[in-house]
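Position 1 is the first residue of the sequence; numbering continues from there.
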Amino acid sequence: QLQASGGGLVQAGGSLRLSCAASGRTFTNSVMGWFRQAPGKEREFVAAITWRGGSTYYAESVKGRFTISRDNAKETVYLQMNSLKPEDTAVYYCAADPQIQRYYVPDDYDYWGQGTQVTVSS
């Protein structure tokens with residue numbers, strides 16, 4: 001129901017855009033989030049956006065470098081990642097939930113896409 005794509009290998013300072021396409025059900029009223037998980041680390045919040053209001057939220061580590069956006073007609077959420085750093089290397093996941101309160105808590109999301117690998121070389 002959530003399909004993430006767009007990961008890859010990029011040099012430090014480069015950019016990537018991740019996409020998360022929803023299908024099978026509507027997430028019109030949901031909060032959409034991006035999380036990431038590096039080897040040996042817990043899954044961490046990256047960014048989130050509300051479908052209707054367009055409110056956005058970011059982890060401090062990505063503020064000013066990453067931008068989350070949405071295309072309601074395509075039911076797709078994007079994560080534009082600029083000025084990438086080696087520490088951004090992780091598997092990135094998109095998630096959705098229609099009733100979430102704590103957008104930064106992974107366990108509060110009911111729907112998850114498969115991950116997409118982002119590797120930033122130094």
Side-chain angles (χ1 to χ4, degrees):
Q1 292 180 333
L2 294 175
Q3 181 74 32
S5 61
L9 173 63
V10 65
Q11 289 187 333
S15 299
L16 283 174
R17 189 177 80 157
L18 306 183
S19 299
C20 177
S23 63
R25 61 159 288 161
T26 181
F27 291 98
T28 303
N29 295 319
S30 299
V31 171
M32 304 292 293
W34 284 100
F35 292 80
R36 66 187 181 187
Q37 189 166 18
K41 295 186 177 181
E42 293 187 352
R43 192 167 297 189
E44 65 173 1
F45 170 73
V46 175
I49 188 168
T50 57
W51 273 111
R52 290 193 178 277
S55 298
T56 58
Y57 310 92
Y58 296 95
E60 285 297 324
S61 59
V62 306
K63 275 184 180 179
R65 301 189 298 122
F66 291 11
T67 302
I68 189 170
S69 61
R70 74 202 191 287
D71 183 330
N72 288 349
K74 295 181 179 180
E75 292 218 32
T76 299
V77 174
Y78 304 98
L79 185 68
Q80 178 66 43
M81 305 186 296
N82 298 329
S83 302
L84 282 161
K85 304 175 181 179
E87 51 263 43
D88 294 318
T89 295
V91 177
Y92 283 70
Y93 299 89
C94 61
D97 195 281
Q99 298 180 343
I100 200 166
Q101 297 296 318
R102 301 179 300 176
Y103 57 85
Y104 51 89
V105 177
D107 288 346
D108 284 8
Y109 285 81
D110 283 343
Y111 302 93
W112 287 87
Q114 91 294 355
T116 184
Q117 176 71 47
V118 172
T119 303
V120 184
S121 63
S122 57

query: If you look at every heavy atom in Ala47 and Leu79, which pair is closest and at what distance?
result: CB-CD1, 4.1 Å
- prompt: Ring centroid separation for Tyr109 and Phe35, is it under 6.0 angstrom?
  reply: yes
query: Does Tyr78 sit in a hydrophobic cluster with other residues, and if so which ones, taking ILVMFWY side chains as linked at heavy-atom separations under 4.5 Å, directly or through other members?
result: none
- line: Here the salt bridge (Lys or Arg N to Asp or Glu O under 4.0 Å) pairs for residues 27-36, sequence neighbours left out, are Arg36-Glu44, Arg36-Asp88
task: Report the residues that fulfil ring-ring contact (aromatic ring centres under 6.0 Å, His included) with Tyr92, sequence neighbours left out, ordered by chain and then residue number.
output: none
task: Provide the full list of side chain to side chain donor-acceptor pair (under 3.5 Å) pairs with a residue in residues 113-122, sequence neighbours left out, each pair given once.
output: Gln117-Thr119
field: Close side-chain approach of Tyr58 and Thr67, heavy atoms under 4.5 Å
entry: yes
- prompt: Partners of Ser83 by side-chain hydrogen bond (donor to acceptor under 3.5 Å, both in side chains), sequence neighbours excluded?
  reply: none
message: Nearest 0.5 Å, please: how far is CD in Gln1 from CD in Glu75?
response: 11.0 Å
- request: List for me each residue that meets side-chain hydrogen bond (donor to acceptor under 3.5 Å, both in side chains) alongside Gln37, sequence neighbours excluded, and say none if there are none.
  value: Arg43
query: Taking a hydrophobic cluster as the set of Ile, Leu, Val, Met, Phe, Trp and Tyr residues connected by side-chain heavy atoms closer than 4.5 Å, whether directly or through intermediates, do Trp34 and Val105 fall within one such cluster?
result: no
query: Is there a donor-acceptor contact under 3.5 Å from the side chain of Thr89 to the main chain of Val120?
result: yes
Shared hydrophobic cluster for Leu16 and Val62 (ILVMFWY, side-chain gaps under 4.5 Å): yes
Show me the donor-acceptor pairs within less than 3.5 Å that the side chains of residues 95-102 make with the rest of the protein, sequence neighbours left out.
unit_1	atom_1	unit_2	atom_2	d
Asp97	OD1	Gln99	N	2.9
Asp97	OD1	Ile100	N	3.2
Asp97	OD2	Asp110	N	3.0
Arg102	NE	Asp108	OD2	2.8
Arg102	NH2	Asp108	OD1	3.0
Arg102	NH2	Asp108	OD2	3.2

statement: With sequence neighbours left out, the residues meeting side-chain hydrogen bond (donor to acceptor under 3.5 Å, both in side chains) with Lys85 are none
query: How would you list, by chain and number, every residue that makes a side-chain hydrogen bond (donor to acceptor under 3.5 Å, both in side chains) with Asp71, sequence neighbours excluded?
result: none
Donor-acceptor contacts under 3.5 Å from residues 2-11 side chains, at least two apart:
none

Sequence neighbours left out, cut at 3.5 Å: what donor-acceptor pairs do the side chains of residues 17-24 make with other protein atoms?
none

Minimum side-chain heavy-atom gap Phe66-Leu84 below 4.5 Å: yes
query: Does Tyr104 have any ring-ring contact (aromatic ring centres under 6.0 Å, His included) partners at least two apart in sequence or in another chain, and if so, which?
result: none
- prompt: Looking at OG of Ser30 and CZ of Arg70, how far apart are the two atoms once the value is rounded to the nearest 0.5 Å?
  reply: 12.5 Å
- request: Carefully, step by step, assess Gln80 and Ser15 under the rule side chain to side chain contact (heavy atoms under 4.5 Å, CB included).
  value: CA-CA 7 Å; Gln80 178 66 43; Ser15 299; 3.9 Å; yes
- request: Answer yes if Val46 and Ile49 sit in the same cluster of Ile, Leu, Val, Met, Phe, Trp and Tyr residues linked by side chain heavy atoms under 4.5 Å apart, and no otherwise.
  value: yes
Common cluster, Phe45/Ile68, ILVMFWY with side-chain heavy-atom separation under 4.5 Å: no
